[in-house]
Visitor: 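What follows is a structure written as structure tokens; I'll ask about it next.
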Amino acid sequence: MRFMVIIKASADSEAGVLPSDELLNAMGKYNEELVKAGVMLAGDGLQPSSKGARVRFEGDERTVIDGPFAETKELIAGYWILDVKSKDEAIEWVKRIPSDPAGTDEVAEIEIRQVFEVEDFAETMSPETRELNEQLRERTSGN
Amino acid sequence: MTASDTHRTIDAVWRIESAKIIGALTRVVRDVGLAEELAQDALVTALEQWPEAGVPKNPGAWLMTIAKRRAIDRLRREKNLERKQEELGRELPPEEPGVEPDEVNDDVLRLMFTACHPVLSTEARVALTLRLLGGLATDEIARAYLVSEPTVAQRIVRAKRTLAKAKVPFEVPSGDELAPRLASVLEVVYLIFNEGYSATAGDDWMRPALCEDALRLGRTLAALAPKEPEVHGLVALMEIQASRARARTGRDGSPILLLEQNRALWDRLLIGRGLRALALAEELGGLRAPYTVQAAIAACHARAATPEDTDWIRIAALYEVLAQLMPSPVVELNRAVALSMAFGPEAALGLVDELADEPSMRQYHLLPSVRGDLLAKLDRHAEARAEFERAAALTRNARERDLLLKRAAECS
């Protein structure tokens, strides 16, 4: 199952302050660990909201509102998509996200949200899958 | 945190850490079976202590330390200590442990090659890989494979014994040995994937979960052996196949064939990952290897926004490559379908007719089904009808039979 792990924005991230070398390095290692465990499907950091926009919907009206947006702590500064066995596993991975070694005392929260998925797979194979399966059976039946 | 919360945390930690711990222990004790036993002991200790004392800050290192202490105790009892103790002393992580990441990765990779060693039967390789690298419990494997728990347990015990008896070295093979050994690893991963992919909708959720386990194993393998093109080829194949999971069945659970699937339901994230993995495989020179070619075929479908956009000429060419790499009537039949889509039914009919004499094809309903389709397109309706009826008689799937009989009726 998939989880989106959401890092909230901070005053620094909104100000466009780039993470320290140390933090970037630690994050790089952490990401590598995720990849080597086969759980990281995607992940990115997001630019400050000053470079973004919102489109407001009101009936048929569409109004474009340019960033930055005020509610810093509700904005998103980055995310991962993790493919894991359970929410608990996602939590275990999130606990291991490095904090800034030169860190401020600011309290931060990282949010974990499950992605909608159709869990159950199909009843029968497409001809192509069937064919692949047959090939394997053929190749392995000698064992 | 309640006791059951702690247990769920321990499960999660085990899933993340077990392969690393078992790998590290195997390097020291040189016995996968003993290593797993020691790792399990550490797990039991965690189950006893964490609900009371709380989950340690670095649970992986905690487990590793306990497991290595158990290894020392065991070796001490076996009076085999002197040389080993020194080794283990070095192995023991310091209080605030900084385990060497490279070493851990090597251990996991070695463990994968050991679990998939060709001295083991295919079934044993699958069970051992899920157990040692996937962190699955015996009952989970049993449920996924619809066999009894004792059967799986015995398979695993026997596999460990076989490895010990054959004195299989704990290493990543090199030189001439690498290719066949890697093929064995890839085969196991793909078998696990297919077991999940071909599971019926009404089945236990454990079976589809095998797809996730296989994908995870494949992705891990690709990260640990990034220079092997066929690893990326296999990952590409699995990612692209998995991307269609949502589109493969209708609401009533009936199968939907590839060309009739709603492509909007295909998972773009997985397709993107699959295409990237395929590009990597091709870059590394893996274009003429079975998984990569199959991935390239899957990619042709994935790249087509609509079925009409499908590059059938390329697919036919890729099937020709595949037929050379792993000749089989089933590949030929697929090549025939691709040929008919690319160049018309006439081009394919001869090939299908040749296959009709294959003993392995006599009971295979897709052969008359494909032949019927070609004949119908050529307006040879009476022959087409006979083929559809024959296919209907051969298939074991009721829904497919209905469809074939409907097509037969349309030919009159």
Side-chain angles (χ1 to χ4, degrees), chain A residues 1-4 26 28-44 79-96 112 115-143, chain B residues 8-9 11-13 15-16 59 101 105 108 121-122 187 190-191 194 196-202 205 207-209 211-212 215-220 223-224 241 244-246 248-249 253-258 261 269-270 273 294 297-298 301 326 328 330-331 333-334 337 360 366 397 399-400:
Chain A
M1 52 183 79
R2 282 182 206 180
F3 290 86
M4 183 179 233
K29 279 189 184 148
Y30 175 71
N31 281 334
E32 204 178 311
E33 205 187 326
L34 288 176
V35 169
K36 284 182 170 155
V39 301
M40 179 167 158
L41 294 186
D44 278 303
Y79 72 93
W80 283 274
I81 302 282
L82 302 185
D83 193 1
V84 290
K85 204 76 172 172
S86 63
K87 186 171 97 184
D88 298 285
E89 194 192 338
I91 292 171
E92 275 312 306
W93 281 113
V94 167
K95 282 190 198 161
R96 298 169 187 213
I112 301 171
V115 176
F116 270 119
E117 255 171 307
V118 182
E119 288 290 353
D120 36 6
F121 281 42
E123 177 163 354
T124 331
M125 293 173 273
S126 66
E128 208 170 72
T129 323
R130 192 193 305 273
E131 170 254 323
L132 295 170
N133 214 33
E134 291 293 328
Q135 284 165 20
L136 269 158
R137 292 239 167 86
E138 271 170 39
R139 280 198 291 150
T140 53
S141 58
N143 291 355
Chain B
R8 292 199 341 251
T9 300
D11 277 349
V13 170
R15 172 112 180 128
I16 296 174
N105 293 328
V108 172
S121 72
T122 308
E187 183 192 25
Y190 196 45
L191 275 172
N194 265 316
Y197 204 61
S198 60
T200 57
W205 58 269
R207 304 193 75 198
C211 284
E212 294 170 25
L215 261 167
R216 184 164 173 165
L217 287 167
R219 290 169 187 151
T220 296
L224 298 183
Q241 284 188 312
R244 299 182 197 139
R246 276 180 291 196
R248 290 170 73 219
T249 38
S254 59
I256 302 174
L257 300 182
L258 182 63
Q261 287 172 10
L269 178 61
L270 293 186
R273 291 179 56 85
Q294 290 172 77
I297 293 169
H301 295 298
M326 36 189 276
S328 111
V330 184
V331 173
L333 186 61
N334 277 277
V337 173
S360 63
L366 284 181
N397 182 307
R399 287 202 180 89
E400 208 162 15

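Below, chain A is the first sequence line, B the second, and so on; all start at residue 1. Note that this is a predicted model, so its numbers are computed, not measured.
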Visitor: Measure distances from A/Glu32 to the heavy atoms of chain B and classify the residue's part below 4.5 Å as side chain, backbone, both or neither.
Guide: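 It is neither, since no heavy atom gets under 4.5 Å.
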
Visitor: Please classify the contact between A/Ile91 and chain B as side chain, backbone, both or neither, with a heavy-atom cut-off of under 4.5 Å.
Guide: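 It is neither, since no heavy atom gets under 4.5 Å.
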
Visitor: Under the side chain to side chain donor-acceptor pair (under 3.5 Å) test, which residues partner A/Glu92, sequence neighbours left out?
Guide: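 A/Glu92 satisfies side chain to side chain donor-acceptor pair (under 3.5 Å) with A/Lys95 once adjacent residues are dropped.
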
Visitor: Return the set of residues passing side chain to side chain donor-acceptor pair (under 3.5 Å) with B/Arg8 (not counting sequence neighbours), or none when no residue passes.
Guide: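 In terms of side chain to side chain donor-acceptor pair (under 3.5 Å), with neighbours along the sequence ignored, B/Arg8 is linked to A/Asp88, B/Asp5.
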
Visitor: Which atoms form the tightest heavy-atom contact between A/Ala37 and B/Arg216, and what is the distance?
Guide: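 What the structure gives for the nearest pair is O-NE, 3.2 Å.
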
Visitor: Given the options B/Ile16, B/Leu215, B/Leu224, which has more heavy-atom pairs under 4.5 Å with chain A than any of the others?
Guide: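 Option with the greatest count: B/Ile16.
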
Visitor: Is the shortest heavy-atom distance from the side chain of A/Leu41 to the side chain of B/Arg219 under 4.5 Å?
Guide: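 Yes, close enough: below the 4.5 Å cut-off.
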
Visitor: Side-chain contact test, heavy atoms from C-beta onward, threshold under 4.5 Å: evaluate it for B/Thr220 versus A/Lys36 and give yes or no.
Guide: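 Answer no - side chains too far apart.
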
Visitor: Would you mind checking which part of B/Leu333 comes under 4.5 Å of any heavy atom in chain A, side chain (CB onward), backbone (N, CA, C, O), both or neither?
Guide: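 It is neither, since no heavy atom gets under 4.5 Å.
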
Visitor: About how many Å separate CG of B/Leu269 and CG of A/Asp83, when rounded to the nearest 0.5 Å?
Guide: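 Rounded to the nearest 0.5 Å, the CG-CG separation comes out at 9.0 Å.
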
Visitor: Is any side-chain heavy atom of B/Arg15 closer than 4.5 Å to one of A/Val84?
Guide: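 No - every pair of side-chain heavy atoms lies 4.5 Å or more apart.
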
